[in-house]
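Notes to accompany the following structure.
If you read the sequence from its start, that first residue is 1, and numbering goes on from there. Atoms within each ligand, like the ligands themselves, are counted from 1 in listed order. All values below come from the heavy atoms of this structure, side chains included, with hydrogens, waters and symmetry mates left out.
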Amino acid sequence: MSSNDPLQTSLTRLGSQSRKGSDSQLAPVSNPEPLPKELAIEASTPLQFVPGVGPQRAALFQKLGLRRAIDLVFFFPRSYQDIAPYQSITELEPGIRASVIGQIVDLDQRFSFEGRSSVGILLAIDGGGYVRCVWYNQPFRRQQFTHGMRVIATGVPKPTGVSFEMRHPETTILAADQPPPEAKPMPVYSLTDGLQQRHVASAIATVLEQLIETVEEALPDSIRRAAVQRGQSPGTVAAGELPKDEKGQNLGSLLGIVQSLRWIHQPGSIEQANEARYRFIFQELFVYQLALAMRRHRLQHDKPAPKIEASPMIHARILKRFPFDLTPDQLHAIEDVRRDMAQDVPMNRLIQGDVGSGKTVIAQYAMLNAVASKQQAALMAPTELLARQHFSRLQKQLAGSQVMVELLVGSISQRERTELLQRIAIGTVDLVVGTQSLLSEHVHFESLGMVVIDEQHKFGVQQRANLRESRVVPHYLVLSATPIPRTIAMTVFGDLDVSILRDKPPGRAAVHTYLGSDAQQAKWWAFVVKQVQSGRQAYVVSPRVDSDPDAEVLGAEQVYRQLIDGPLAGMRVELLHGRMDGHEKQAKLDAFTAGHTQVLVATTVVEVGIDVPNATVMTILDADRMGLAQLHQLRGRVSRGSFPGYVCVFAKQGVAPEENTRLSVLASTDDGFRLAEQDLQMRGPGDLLGTKQIGLPPLRIADLVRDAEVLGQARELAQKIIAMDPTLDFPEHSKLKRQVTQKHGAVVSLGDVG
Ligand code: ADP
Ligand code: MG
C-alpha cells in the first residue's frame with residue numbers, strides 16, 4: 001500500500017502541502033504558495049471551495065455550523081494543549097507526559113479474533129533509542145503513516161523492558177526538511193465524527209492567511225485602551241495582570257483584531273492564546289451590553305410616560321392600607337418606585353426578592369399611586385390561579401375605597417369579557433388584574449400609566465414590550481422571586497434598574513429542610529399527621545401529573561391515592577394539578593386557603609404565589625428531578641406565617657437525596673441569593689432557569705461564571721459609550737453598531753414591538 005521509499009514519500013507530502021495547506025498542526029503557515037487569482041478565498045467563499053477542504057469535509061464543517069470561509073476564522077479553539085518539551089530517550093520518565101521526535105522504522109497492523117484492530121509504529125528517536133506508538137480500534141491510523149516519516153509523538157511513555165510505548169499519543173507529521181517546531185500550545189477545536197484536529201487546523205491556516213488582513217477592527221483604539229484601563233483580570237490571565245506583549249511589556253490596550261485572530265489560532269505561547277481570548281471574551285460581552293444599553297436608552301427616551309407624583313398625603317394614604325409596618329427594604333423599594341414614577345421617563349424597574357419577601361406590597365403601592373393620579377394600572381400574572389389570588393387580595397385591601405378592580409382572564413365568558421373591555425377602554429376600570437390575555441390586541445386602555453409583571457421569569461423578556469400603548473408608555477415594574485445571580489441579572493435584565501428585598505417581614509419563623517431516605521418515609525408521614533392534627537396544613541408535591549413507569553416515578557394522581565389509602569387515611573386530602581380547569585383549581589385552592597382541606601397533593605402548580613400561612617409542612621417527592629430554583633420556590637410556600645416550616649425532600653426511589661448535590665445545597669442554606677450563586681456554579685448559566693426562558697444570549701467564548709469581572713467592565717464601558725452616542729452613530733462606532741444589530745437586533749428593537 002504505502003511506498004517504502006522515504007524520499008518519494010516526503011516529496012508527495014511536500015507536494016500535497018502546498019495545495020492543501022499544511023497537514024501538520026505545527027507546520028509554519030506563514031508562506032504558503034500564492035493561490036492563482038481565480039482560486040483566491042473570500043470571506044463568503046463556501047467552505048467546499050477552500051483548498052484542502054472539499055465537499056465531504058465541508059459537510060462535516062457544516063455540522064459545526066460553519067459554512068463560509070470567514071466562519072472558520074471565527075471558529076475559536078475550545079482549549080489549548082501545551083506540548084511537552086521534546087525529550088531524548090534517556091529523559092523519558094514512565095508515566096510523565098512527554099514529546100519525542102523520531103523516524104518511522106517499522107509499521108504494523110493487527111486484528112484480533114473479535115475484529116479489534118491495533119496499529120503500531122516504531123520510532124527511532126533522534127539521539128538514539130526507540131518508542132513504539134500504538135492505537136487500538138483506530139484502523140484508519142494505518143493510512144496516516146509510511147516508512148521513513150518524521151513524526152512528533154506526545155503522550156505518556158510506559159516502559160516495555162527494552163524501550164517505551166505510548167498508547168494513543170498525539171502525533172504530528174513533519175516534512176522531511178522541516179525543522180522540529182518549537183513546543184507551542186496546540187489549539188483544540190470542537191470536532192464532529194470524521195473530522196480531526198489537524199483537518200480543522202489546516203483549513204483554518206489556509207483561510208486565515210487569505211482573510212486575516214481583511215477582517216476589520218470593530219473596537220476603536222479608545223475602547224481598546226479603556227477596556228484594560230482598570231487592569232482587571234481577563235478570564236484566563238492571572239488576576240490583576242494586564243495583557244502583555246511578547247516582551248512582557250504591558251500593552252495597556254486590548255489586542256488588535258489581526259493579532260488576536262493570529263494568536264487565538266496559532267499562539268506562540270499560552271499567554272498569547274489567553275490574551276487573544278481575552279479580547280474576544282471582552283468583545284462578545286461588550287457587544288451584548290451595548291445592545292442592552294441601547295435598548296434601555298430607547299425605552300427611556302422614545303416616548304414619555306405620565307409623570308405620577310405621589311404627594312405626601314397620597315403616599316401616607318396608600319401606606320395606611322397595609323395592615324403591617326413595611327420592612328426597611330420595602331420602604332427603600334417604594335422610594336425607588338416613587339422617584340421613578342415622578343419622572344416622565346418610563347420606569348423600568350425589577351424588584352427582586354425571595355419568596356415571601358413581600359414584593360406584592362411594592363406592586364400595590366405603584367398601582368394605587370397610578371390610580372390616585374387618574375391613571376389606570378394593570379397587573380399581569382403568569383397563571384390564572386395567581387391572577388385570581390392577586391385580584392382577591394386587592395379587592396380585600398381596597399374594600400370601601402372607590403378604586404374599581406377587575407379580573408381579566410381566559411376563563412370568563414365572552415359577554416363579560418366584551419363588557420369589561422369596553423369599561424377598560426373608556427377608563428371606568430382603574431385596575432385590571434390578568435394573565436397573558438392582557439397582552440391581547442383587543443385590550444385597549446383609556447390611560448394606562450402603570451404595568452406590573454409578576455414572576456417575570458415565567459414570561460420571558462420579550463413580552464414586556466407588548467403592552468406598550470401608542471402616545472405615552474406606561475411605567476413598568478417587574479417582580480421576580482427567582483433570585484438571579486448578579487452576573488445573570490446584568491445580562492438578562494441589563495436594561496432594568498433593580499431594587500432588592502433582602503430582609504423578610506418580621507415574625508417569620510425558620511424553615512427546616514430535611515433530606516429523606518426511603519427508610520424514613522413512614523416516620524415522616526407520621527410527623528405530617530401530627531402537624532395536621534395540631535391544626536397546621538400540609539402540601540405534598542409530586543412533579544408529574546401522570547406516572548412514568550420507565551422512570552419509576554409516580555404521578556400526583558397515584559400519590560394522592562396511595563396517601564388517602566395509606567398514611568393520610570382519614571384526613572381531608574385534595575388533589576390539585578395543572579390540567580384541571582380554572583374553576584376547579586380555584587375551588588380546590590379556596591378550600592385549602594379556608595383551612596377546610598388539610599393536605600393538598602399537587603404538581604408544581606403550587607410553585608408560584610400561593611399564600612397560606614397556616615401551611616407549614618411540605619413533602620417534595622422525586623425532588624431530584626427538579627431544579628434548585630424551583631425547589632427553593634416551593635419551599636417558600638411553608639414559610640409564610642409565624643409557625644416554623646418543615647420541608648422534607650425525597651429523591652427517586654432508591655436514590656439517597658444526599659447523593660444529589662443540588663438537594664444537599666438546598667438543605668444547607670435558606671438564602672435564595674446564595675442558592676442561585678451556587679446553582680450557577682454547579683450548572684452554568686445555560687441550565688439555570690432555562691436559557692430560552694430568561695433570554696440569555698448565546699455566548700460563544702465568554703462564560704458568565706468565569707468572566708464575571710470582564711462582564712462588569714464591559715457593561716460599565718458600554719453604558720458610557722451609549723450615554724455619549726445613544727444610537728452608535730459616531731463614525732468610529734459604525735462597525736460596532738453593525739455587530740450589535742447583527743447579533744442582537746431583536747434586543748435593541750424591542751421597544752418597537754406591539
Ligand atoms: P412575595 O414576595 O413572595 O410575592 P408576598 O408579597 O406575597 O411575597 O408577601 C408574603 C406575605 O407576607 C403576605 O402574606 C404578605 O401579606 C406578608 N407581608 C408582606 N410584607 C409584610 C410586612 N412588612 N410585614 C408583615 N407581613 C408582610
Ligand atoms: Mg408574589
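- With no hydrogens or angles considered, a side-chain donor-acceptor pair links Asn614 and Arg536 at under 3.5 Å.
- One finds no salt bridge joining Arg339 and Glu335 here, because no Lys/Arg side-chain nitrogen approaches an Asp/Glu carboxylate oxygen to under 4.0 Å.
- Atoms of ligand 1 found under 4.0 Å from any heavy atom of Thr360, numbered from 1 in the order shown, are 4 (O), 5 (P), 6 (O), 7 (O).
- Counting heavy atoms under 4.0 Å from ligand 1, residue Asp325 touches it through the backbone alone.
- Within a 6.0 Å radius of CG in Asp590, other residues, nucleotides and ligands contribute more than 12 heavy atoms.
- In this structure, the ring of Tyr365 has its center no less than 6.0 angstrom from the ring center of Phe322.
- Counting heavy atoms under 4.0 Å from ligand 1, residue Arg393 touches it through the side chain alone.
- Residue Gly353 places no heavy atom under 4.0 Å from ligand 1.
- Ligand 1 has an N or O atom lying under 3.5 Å from an N or O atom of Gly358, backbone or side chain.
- Interface atoms of ligand 1 facing Thr327, defined by a heavy-atom separation under 4.0 Å, are 23 (N).
- Crowding of His297 atom NE2: a count of heavy atoms from other residues, nucleotides or ligands under 6.0 Å exceeding 12.
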